[in-house]
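This report refers to the structure that appears directly beneath it.
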Amino acid sequence: MKMTNFFARTLREDPADADVDSHRLLVRAGYIRKVAAGVYSWLPLGQRVLRKVEQIVRDEMDSSGAQELTLPITQPLELWEKSGRDTTYGPLMFRLQDRKETGFCLAPTAEEVITWTVANELSSYRELPVNLYQINWKYRDELRPRFGLLRAREFLMKDAYSFHTDVEDLRRTYKVMYDAYHRVFDRCGLTFRPVEGEAGEIGGDVNHEFMAVAAVGEDDFVWCKSCTYAANVEVARRTIVRAAVDAGSGQAQPTKVHTPAMPGIAAVAEHLNMTQDVLLKSFAFDAGGEMGLALVPGDREVNEFALARAIAPKKLRVYDETDFAAHPELPKGYIGPHHSSVKIVVADPSIRADHGWVTGANEIDHHTTDMWCDRDFSVGVWADIATIASGDACPECGNALSVDRGIEVGQVFEIGTKYSTALGATYVDADGQTHPMVMGCYGIGISRTVAAIIEEHHDELGIAWPKSVAPFDIHLLALSGKGAAAETVKATADALYAELKAAGVDVLYDDREASPGVKFADADLIGIPVQLTVGAKGLGRGIVERKQRATGERDEIELADVVSTVR
RNA sequence: CGGGAAGUGGCGCAGUGGUAGCGCACCCGCUUUGGGAGCGGGGGGUCGGGAGUUCAAGUCUCCCCUUCCCGACCA
């Protein structure tokens with residue numbers, strides 16, 4: 001492709017509304033343009049990268065036995081009413097009506113449609129398992145789209161759905177998909193970790209999230225430096241190393257101390273000259289109408305996902321200002337676990353420790369020291385509800401855990417029978433009995449992956465694509481100028497371009513009448529892996545210069561050997 | 001939805017009540033050509049929208065819309 005004909009314009013300055021590197025560079029280098037918040041046009045450069053990633057995914061899906069199809073983006077709300085997700089997804093769905101006022105939505109995902117489709121086509125155990133996928137646009141009206149392609153409202157997703165007679169069979173496909181995902185993200189050049197994840201709105205039990213390691217990621221995950229344990233912080237566990245000691249009567253008795261205007265952990269710890277981890281944080285919540293307290297050490301936060309699981313099926317609602325106003329007997333900032341109104345006490349196992357705790361005294365401006373678990377307050381539910389910190393002990397091997405940030409680029413779920421039951425996807429077994437199909441689902445954010453790749457592969461000059469996903473293989477720069485050699489340089493570059501194309505090499509040819517500096521800067525910004533420079537300087541010696549974008553490494557190639565060398 | 005910031009030419013910005021500007025980009029000419037060239041000329045803007053105040057509004061007031069950042073929420 002000649003740049004004089006190519007629909008692409010680079011920007012000399014960073015766009016004002018792009019903060020993260022991937023967004024900034026995609027716009028500056030001419031890959032995408034914003035049309036609305038979280039909605040983008042993919043210009044030809046971007047389209048090429050999108051197709052590359054898409055093709056890697058398609059390749060791995062096909063070779064894993066999945067079959068591609070295309071499901072509608074416009075979906076009848078009726079199907080969503082059957083699964084109950086029209087209400088649970090709520091305003092996250094873009095909704096519309098046809099002229100007869102029938103309700104539709106733009107697909108945020110496709111469990112309902114695929115399950116309905118399979119229900120109508122298959123009915124025997126002989127026809128299972130089956131694994132179907134599509135690569136199609138998804139729509140979610142996020143409260144806050146941000147970070148360019150990383151959280152868009154319109155995004156390209158590969159979604160696969162498998163149907164089985166039983167969980168054992170599902171597990172086999174799950175593993176096949178899990179392995180395929182490793183290959184996909186390896187081929188995309190990403191540093192990633194599969195971690196245990198929360199099921200979210202899709203439902204189901206077992207699931208893994210594939211996290212591309214990146215500082216701008218929106219998810220924290222923990223991973224063990226010594227073994228394979230890795231999990232989203234929402235579901236992460238740890239081993240408590242502190243030994244429990246029975247308080248008995250030999251330990252100091254609770255003592256009320258005056259802590260004026262110190263509702264915070266930090267201030268109290270400083271006032272009493274203690275470390276924050278010996279203070280007890282009492283976190284008030286409502287569990288289906290009953291007042292509850294969650295207890296974690298003062299240097300930790302409450303993992304609300306874990307707390308919600310611990311009190312299930314009761315519904316968790318964290319206390320807000322309205323609740324505290326309605327319960328004046330609960331002095332915010334001075335709450336202790338021995339409060340008479342509290343019906344449910346959930347504590348992290350680390351609370352059963354070898355020391356007494358400093359807790360709120362349930363009285364404004366007062367705390368109590370030497371509060372021993374089981375002696376001075378009791379716990380109803382033990383659960384891992386404290387957030388994990390770097391250095392905590394791995395639940396599998398006991399060695400140190402690390403907490404990092406990641407971009408969730410893929411997820412694999414075991415769904416079970418939620419949708420097959422709701423939408424009538426059943427099969428008849430060998431004995432003539434009817435059962436709901438057991439389902440799995442597997443997603444990859446294609447457009448998000450494009451952004452994640454840039455987050456990992458860029459420098460101060462621009463993007464540095466891995467070869468596998470680059471929009472072109474070679475960026476050919478002709479530095480013809482208007483000197484004595486101008487005609488020769490131009491003719492040589494033209495000929496080289498034609499030869500490379502004929503040899504099947506995807507070339508972006510900078511044939512513009514621009515100064516060398518402009519061409520070099522644009523080439524580095526756009527980020528094609530190999531730059532070939534044809535100039536009077538090198539041509540005088542019969543060579544073409546080659547630069548590897550990612551490493552900056554340069555070498556020279558004899559003009560006659562260019563095609564055979566770079567092919 | 002709470003908190004903060006911002007909407008002026010394609011992009012980045014200046015402009016506190018009185019003739020809409022600058023840099024880049026774009027077009028023409030000449031010069032230049034190995035890391036974002038120089039000079040000269042030129043085109044392009046309902047100043048986010050609507051109401052209002054005023055002799056006069058990009059600028060002041062009110063309402064609305066949009067965008068970005070933090071939070072809540074979420075693949």
Side-chain angles (χ1 to χ4, degrees), chain A residues 9-20 23-24 27-28 30 33-39 88-93 107-111 138-159 197-202 207-212 216-219 232 234 304-305 318 320-321 406-413 441-449 452 461-462 477-486 489-490 510 512-525 531 533-540 545 547 552 554:
Chain A
R9 165 184 267 179
T10 56
L11 306 178
R12 190 173 293 214
E13 290 174 275
D14 284 334
D17 60 358
D19 249 26
V20 302
H23 186 198
R24 181 174 61 81
V27 173
R28 250 196 84 186
R33 291 289 182 256
K34 185 178 73 181
V35 175
V39 179
T88 53
Y89 252 93
L92 196 60
M93 290 202 289
T109 175
E111 281 80 10
K138 301 292 183 295
Y139 297 82
R140 295 186 193 174
D141 192 5
E142 297 283 352
L143 282 178
R144 188 177 160 210
R146 56 179 152 180
F147 303 151
L149 299 182
L150 288 174
R151 179 161 300 279
R153 292 195 292 177
E154 176 177 85
F155 58 99
L156 190 62
M157 180 177 178
K158 185 282 299 180
D159 43 325
E198 258 278 308
E201 203 49 66
I202 295 185
N207 80 88
H208 286 89
E209 298 167 350
F210 284 75
M211 296 288 189
V216 298
E218 296 184 87
D219 294 281
N232 191 303
E234 295 170 0
E304 291 178 25
F305 297 93
V318 174
D320 59 19
E321 296 305 328
I407 299 164
E408 188 186 338
V409 287
Q411 195 159 25
V412 289
F413 291 97
C441 84
Y442 321 91
I444 290 179
I446 306 267
S447 48
R448 177 182 278 183
T449 295
L461 296 175
L477 312 180
L479 307 187
S480 36
K482 282 184 181 161
V489 171
K490 177 96 171 60
D510 194 341
R512 298 174 298 175
E513 286 183 24
S515 68
V518 171
K519 296 190 177 186
F520 289 136
D522 274 347
D524 288 342
L525 179 61
Q531 298 169 12
T533 302
V534 180
K537 230 165 69 177
L539 223 47
E545 293 147 84
K547 175 179 146 185
R554 294 165 195 270

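First the proteins, then the strands, lettered A, B, ... as listed; each starts at 1.
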Could you go through nucleotides 2-7 of chain B and list every protein N or O atom that sits under 3.5 Å from one of its N or O atoms, giving the distance for each pair?
none

**Message:** Any salt bridge linking R146(A) with E218(A)? Criterion: basic side-chain nitrogen under 4.0 Å from a carboxylate oxygen.
**Reply:** yes

**Fill in**
Here the distance between atom P of A75(B) and atom CG of N232(A), to the nearest Å, is 11 Å

**Request:** Spell out, as yes or no, whether a donor-acceptor pair under 3.5 Å connects the side chain of R33(A) to the backbone of V27(A).
**Result:** yes

**Message:** What's E142(A) touching, base or sugar-phosphate or nothing? Going by heavy atoms closer than 4.0 Å.
**Reply:** base

**Request:** Before giving the answer on side-chain contact (heavy atoms from CB on, under 4.5 Å), spell out for D522(A) and R512(A) the whole-Å C-alpha distance, their side-chain angles and the decisive distance to 0.1 Å.
**Result:** CA-CA 12 Å; D522(A) 274 347; R512(A) 298 174 298 175; 3.0 Å; yes

**Rounded C1' spacing from C24(B) to G43(B) in Å** = 16 Å

**Request:** Could you pick out which residue, D17(A) or E209(A), lies toward the 5' side of RNA chain B when each is mapped onto its nearest nucleotide?
**Result:** D17(A)

**Request:** Could you check if a side-chain atom of T533(A) sits within less than 4.5 angstrom of a side-chain atom of F520(A), using non-hydrogen atoms only?
**Result:** yes

**Whole angstrom value for the distance that separates P of C74(B) from CZ of R448(A)** = 14 Å

**Request:** Verify the contact: side-chain N or O of R146(A) to OP1 or OP2 of G71(B), cut-off strictly under 4.0 Å; return yes or no.
**Result:** yes

**Request:** Identify, with sequence neighbours excluded, every residue that meets side chain to side chain donor-acceptor pair (under 3.5 Å) alongside K519(A).
**Result:** none

**Request:** Could you state the atom-to-atom distance from CZ of F147(A) to P of C74(B) in whole Å?
**Result:** 17 Å

**Prompt:** Is the aromatic ring of F155(A) within stacking range of A75(B), meaning centres under 5.5 angstrom and planes under 30 degrees?
**Reply:** yes

For nucleotides 43-48 of chain B, give me every protein contact, N/O to N/O, under 3.5 Å, one pair per line with atom names.
none

**Asked** To the nearest Å, how far apart are H23(A) NE2 and U67(B) P?
**Response** 12 Å

**Asked** Which whole number of Å gives the distance between the P atom of G10(B) and that of U46(B)?
**Response** 9 Å

**Prompt:** Rounded to whole angstroms, how far apart are NZ on K158(A) and C1' on A75(B)?
**Reply:** 13 Å

**Asked** Base, sugar-phosphate, or nothing for K34(A), non-hydrogen atoms under 4.0 angstrom?
**Response** sugar-phosphate

**Rounded distance [0.5 Å steps], NZ in K158(A) versus OH in Y442(A)** = 9.0 Å

**Message:** Distance check, P atoms only: U19(B) and G58(B), in whole angstrom units.
**Reply:** 10 Å

**Item:** Between G52(B) and G17(B) - C1' atom distance, rounded Å
**Value:** 16 Å

**4.5 Å side-chain heavy-atom contact, I444(A) and M157(A)** = no

**Message:** Just to verify, what does D17(A) make a side chain to side chain donor-acceptor pair (under 3.5 Å) with, not counting sequence neighbours?
**Reply:** K34(A)

**Asked** For L156(A), does its backbone N or O pair with a side-chain atom of S447(A) as donor and acceptor, under 3.5 Å?
**Response** yes

**Request:** Look at the side chain of R448(A) and the backbone N and O of L150(A), then say whether any donor-acceptor pair between them is shorter than 3.5 Å.
**Result:** yes

**Item:** Pair assignment for G45(B), Watson-Crick or G-U wobble, requiring both distances under 3.5 Å
**Value:** none

**Prompt:** Who does C73(B) pair with, Watson-Crick or G-U, both distances under 3.5 Å?
**Reply:** none

**Request:** Give the B/S/- string for nucleotides 23-36 of chain B, one per nucleotide from 5' to 3', where a protein heavy atom under 4.0 Å of the base yields B, of only the sugar-phosphate yields S, and otherwise -.
**Result:** BSSS-----BBBBB

**Message:** Could you tell me if N232(A) and E408(A) have a donor-acceptor pair between their side chains, going purely by distance under 3.5 Å?
**Reply:** no

**Request:** Could you give the distance separating G38(B) and U32(B) at their C1' atoms, to the nearest angstrom?
**Result:** 7 Å

**Interatomic distance where CD belongs to E218(A) and C1' belongs to A72(B) [whole Å]** = 13 Å

**Asked** In Watson-Crick or G-U wobble terms, both distances under 3.5 Å, what is the partner of C22(B)?
**Response** G12(B)

**Prompt:** Any side-chain heavy atom of H208(A) within less than 4.5 Å of one from F413(A)?
**Reply:** no

**Between A72(B) (C1') and R151(A) (CZ): distance, integer Å** = 13 Å

**Distance between P atoms of G21(B) and G9(B) (Å, rounded)** = 14 Å

**Request:** Would you kindly give the CZ-to-C1' distance between F305(A) and A72(B), to the nearest whole Å?
**Result:** 11 Å

**Prompt:** Hey, does V216(A) have a side-chain heavy atom less than 4.5 Å from the side chain of H23(A)?
**Reply:** no

**Item:** Residue matched to C62(B) through Watson-Crick or wobble contacts both under 3.5 angstrom
**Value:** G50(B)

**Item:** Euclidean distance for P, C74(B) against A37(B) (whole angstrom)
**Value:** 50 Å

**Asked** How far does the C1' atom of C47(B) sit from the matching atom of G41(B), given to the nearest Å?
**Response** 27 Å

**Fill in**
Residues at least two apart in sequence or cross-chain that pass side chain to side chain donor-acceptor pair (under 3.5 Å) with E142(A), listed by chain then number, are R151(A)

**Prompt:** Paired with G35(B): which nucleotide, if any, by Watson-Crick or G-U wobble criteria at under 3.5 Å for both distances?
**Reply:** none

